Protein chains: 2
Amino acid sequence: MLPAVPDKRQPARPSRPGNGRAKITDVAAAAGVSPAVVSRLLRGDDTLRIRDDTRERVLAVAADLRYTPNEVARALRRSESGILGMAVHDTSNPVYSEILTGAQAEAAASGYALLLADAAELARNDAMFEQVVRGNRIDGLLLQRGSGTADGIIARIASARLPLVLVNDRTRGDIASVALDDEAASHLATRHLIDLGHTAIGHLKLGTPKARSESRVRGWRRALHGAGLPEGPQLRGGHTSDEGAAALPRLLDGPAPPTAVVVSNVLSAVGAMTAARESGLRVPGDLSIAAVHDVFFAAHLSPPLTVVRLPLRELGRRSVAAILRLLDGAPVRHERIDDPPPELLVRGSTAPPR
Amino acid sequence: MLPAVPDKRQPARPSRPGNGRAKITDVAAAAGVSPAVVSRLLRGDDTLRIRDDTRERVLAVAADLRYTPNEVARALRRSESGILGMAVHDTSNPVYSEILTGAQAEAAASGYALLLADAAELARNDAMFEQVVRGNRIDGLLLQRGSGTADGIIARIASARLPLVLVNDRTRGDIASVALDDEAASHLATRHLIDLGHTAIGHLKLGTPKARSESRVRGWRRALHGAGLPEGPQLRGGHTSDEGAAALPRLLDGPAPPTAVVVSNVLSAVGAMTAARESGLRVPGDLSIAAVHDVFFAAHLSPPLTVVRLPLRELGRRSVAAILRLLDGAPVRHERIDDPPPELLVRGSTAPPR
DNA sequence: GCCGTTTGGTAAATCGATTTATCGATGCCG
DNA sequence: CGGCATCGATAAATCGATTTACCAAACGGC
């Protein structure tokens, strides 16, 4: 019989030929240097003084062993994970997934990865909040709440001292934000309807009935005032097709029904258009509809939808850029994107009133 | 002058009242126990024997200090990050973002987070590949390549020994996969056109011209053969509206142009529909179009698009479930989702031939 | 030939949690 | 009262990389 084995653990084979993953100590051992040299060389530490032949030898061994640093160990040591959190209100909404696509692209270009979270889930699920926000997994968070998640989440994240950028949301002055020029977009859409000759122009907005300060409401109101027109009815139209469909009839229900509507979100505009048709109105014959945000299918709807295009991908990109600056110690800023300015795309859903 | 300070580091205040984040040693010290107790208690180690008053005290201190474990340290020690990678071909494509939404929901429900990557970028960018696939950041990867990314990436990931699930892609028998019943869907759409009386039915497929084995091609062909009809023309229609628009004219260009087309992807169907109209054909008068995959706006197009709905979110959910099983040591499987079976939604883009 | 500097590295602490082996103090049994 | 369990913990190794402080050897200047 064998004598009692004092140590049941595997005897730790010194080098594994491709079996497990090579560690920095494996590289160091194989190259005959200390791990410090390997780390400092591979990270480009410019205070490292090293002979050329040693350098080549270490690099060759690292390549040979297909050494890739363990990012988790790096993250622990450096207190920096190289991961950014992105909390989105509704990933399946094409408007928001467009933002996500831009953010993903910019993050990848900067060597960061994106950890995806659902904004509502983050607000609701405490275990998830702890893990994502307070678990040191991410270096910063992009929060795109839509208008679907209560304000409290912002304070909770802020109090966890996690660098935070609000995406198209300027709820709090002390938190960095990147936003589109929604007001200009809404103004442009409204102005278009005014130019067509409409005088009774309603608005389907995103937020709650009392949210009078929404930027898109402001743009609409400013255009009306500028033309000396009265404010038409305004109502919540939400973010989705169904919400838009439900809201439109109520908007037209009043004593002086509008002949044109500005809709804050292209998805609810789709619903509104369908609802109009179902209640016997023709678009644009009886009702003109103009929406904020272009999505690829808007041009293929029946009728094609007149929209104002805003640079959604750019919003994603700039949001990532903003949080990276924040991580570099830059001060909190509020950024508005007006480089590709809002662009009116006149299609078939708007026409002069009869 | 002050004497030379031997140590420039902060003297490491033993407990920080809410300043930095509390560590497990802070909790242990404050509760008068060792870190081991805190860890084992909080993780529910059932071999831990602890007095009730000690338990209460530790829990109280942990709550008081708002202790949240550092997930990075946990991940390093346990060699498990609690993060799943999700590589998607095109996040802004609503079909794929629907899968993503389902995956995100299931991951969150299982206590996992999702790390997002672009499939093409992963294949192209070596630094990103190393970091994401070989950096121990993720416990497994869901790969949804669409047909836009070469096969090589699968082998590369597999050889990194990262648990992998292919999403709607059965390219390799030795890699786990979860797929929709695309063939049945395509068959259903084709059958619908046959039932309407069409006898010349073309097909716009996803992949390359030579990809004759695609499941949707098979469904289309099987339906035609079953009805004793000849195979109409088939051509690549891609994943996007533009690709579909470019392909349609060429499909109709032959000697016996089809009176109906099955399109493998709803987005290219939108493009095809627009292209048809632009070349003077009426849909469905002159050309019927049926597509695979439902997206919310299909019903609002002009004309509303006839589609076969497949459970895309469920695909995302089941893919996550599949990789979690793999992590639990379950064997590689190929799963087909046919629980909510493919459903034909007849709308306005299909009609009997003239 | 002595001392200071540069070269080319290394040793060791550290990040924060997990986990296994161990251990002192009681309790219990006969 | 002696010996053995059981209770209620703890010490210390470990995960893999980074980084600071330090150091031996070679070199250079006078």
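Since the model is a prediction, treat every value here as computed from it, not as a measurement.
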Inset, instruction - Verify, without hydrogens or angle tests, whether B:Asp169 (side chain) and B:Leu166 (backbone) share a donor-acceptor contact under 3.5 angstrom. - result: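 No, because the side chain of B:Asp169 does not come within donor-acceptor range (under 3.5 Å) of the backbone of B:Leu166.
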
Legend entry - Sidechain-backbone polar pair: A:His334 side chain, A:Gly173 backbone, donor-acceptor under 3.5 Å: yes

Proximal nucleotide (of [options]) relative to the [X] side chain:
X       : options                : result
B:Leu76 : D:dA9, D:dA11, C:dG16  : C:dG16
B:Arg74 : D:dT18, D:dT10, C:dT18 : C:dT18
B:Arg43 : D:dT18, C:dT18, C:dG9  : C:dT18
A:Pro35 : C:dA17, D:dT10, D:dT18 : D:dT18
B:Ala36 : D:dT10, D:dA13, D:dG16 : D:dT10
A:Ala73 : D:dT10, C:dA17, D:dA17 : D:dA17
B:Pro69 : D:dA11, C:dA17, D:dC15 : C:dA17
A:Arg77 : C:dG16, C:dC15, D:dT10 : C:dC15

How many whole angstroms separate atom [atom1] of [X] from atom [atom2] of [N]?
X        : N      : atom1 : atom2 : result
B:Gln131 : D:dA17 : CD    : P     : 14 Å
A:Asn70  : C:dT14 : CG    : C1'   : 16 Å
A:Glu80  : D:dT18 : CD    : C1'   : 12 Å
B:Asp26  : C:dG16 : CG    : P     : 9 Å
B:Asn136 : D:dC15 : CG    : P     : 13 Å
A:Asp45  : D:dT19 : CG    : P     : 8 Å
A:Glu71  : D:dG16 : CD    : P     : 14 Å
A:Arg137 : C:dG16 : CZ    : C1'   : 14 Å

Inset, instruction - Using the test side-chain contact (heavy atoms from CB on, under 4.5 Å), find all partners of A:Thr91 that sit at least two apart in sequence or belong to another chain. - result: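 Partners of A:Thr91 under the side-chain contact (heavy atoms from CB on, under 4.5 Å) test: A:Leu100, A:Leu116, B:Leu100, B:Thr101.
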
Legend entry - Sugar-phosphate, base or nothing in reach of A:Val33, heavy atoms under 4.0 Å: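 Answer is sugar-phosphate: A:Val33 comes under 4.0 Å of backbone atoms only.
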
Inset, instruction - For A:Ser79, answer base if it contacts any base atom (sugar-phosphate contacts may also be present), sugar-phosphate if it contacts only those atoms, and nothing otherwise; contact means non-hydrogen atoms under 4.0 Å. - result: nothing

Inset, instruction - Using heavy atoms and a sub-4.0 Å distance, could you list which residues of residues 46-59 of chain B are near DNA chain C? By number, please. - result: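 Those residues whose heavy atoms fall under 4.0 Å from DNA chain C, taken from residues 46-59 of chain B, amount to none.
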
Inset, instruction - Identify, with sequence neighbours excluded, every residue that meets side-chain hydrogen bond (donor to acceptor under 3.5 Å, both in side chains) alongside A:Asp174. - result: A:Arg172

Legend entry - Contacts of type side-chain hydrogen bond (donor to acceptor under 3.5 Å, both in side chains), residue B:Asn125, not counting sequence neighbours: B:Glu121

Inset, instruction - Assess whether one donor atom and one acceptor atom, taken from the side chain of B:Arg78 and the base of C:dT18, lie less than 3.5 Å apart. - result: no

Legend entry - Below 4.0 Å: OP1/OP2 of C:dT10 and any side-chain N or O of A:Arg40: no

Inset, instruction - Please determine if a side-chain N or O atom of A:Tyr67 lies less than 4.0 Å away from the OP1 or OP2 oxygen of D:dA17. - result: yes

Anything under 3.5 Å between a donor and an acceptor, one on a side chain of residues 316-332 of chain A, the other on a protein residue two or more places apart or in another chain? List them.
from	atom 1	to	atom 2	distance (Å)
A:Arg317	NH1	A:Glu314	OE1	3.0
A:Arg318	NE	A:Glu335	OE2	2.8
A:Arg318	NH2	A:Glu335	OE2	3.1
A:Ser319	OG	A:Leu315	O	2.6
A:Arg325	NH2	A:Glu335	OE1	3.0

Inset, instruction - Would you mind checking if B:Asp45 and B:Arg43 are paired as a salt bridge, meaning a charged N to carboxylate O distance below 4.0 Å? - result: no

Inset, instruction - Take the C1' atoms of the five end pairs on each side of the helix from C:dG1-D:dC30 to C:dG30-D:dC1, derive the two axes, and give their angle rounded to 10 degrees. - result: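 It comes to 50° between the two terminal axes.
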
Please table the atom pairs, donor to acceptor, closer than 3.5 Å between any side-chain atom in residues 74-88 of chain A and protein atoms at least two apart or in another chain.
from	atom 1	to	atom 2	distance (Å)
A:Ser81	OG	A:Ile83	N	3.2
A:Ser81	OG	A:Arg137	O	2.6
A:Ser81	OG	A:Asp139	OD1	3.1

Which side-chain N or O atoms in residues 63-70 of chain A pair as donor and acceptor under 3.5 Å with protein atoms at least two apart or in another chain?
from	atom 1	to	atom 2	distance (Å)
A:Thr68	OG1	B:Glu130	OE1	2.3
A:Thr68	OG1	B:Arg134	NH1	2.5
A:Asn70	OD1	A:Val72	N	2.8
A:Asn70	OD1	A:Ala73	N	3.1

Compile the donor-acceptor pairs under 3.5 Å between side chains in residues 150-160 of chain A and protein atoms, sequence neighbours left out, one pair per line.
from	atom 1	to	atom 2	distance (Å)
A:Asp151	OD1	A:Arg145	NH1	2.8
A:Arg156	NH1	A:Ala123	O	3.4
A:Arg156	NH2	A:Asp126	OD1	3.1
A:Ser159	OG	A:Ala155	O	3.4
A:Ser159	OG	A:Arg156	O	3.1

Legend entry - Nearest-0.5 Å distance, CD of residue B:Gln131 to CG of residue B:Asn136: 12.0 Å

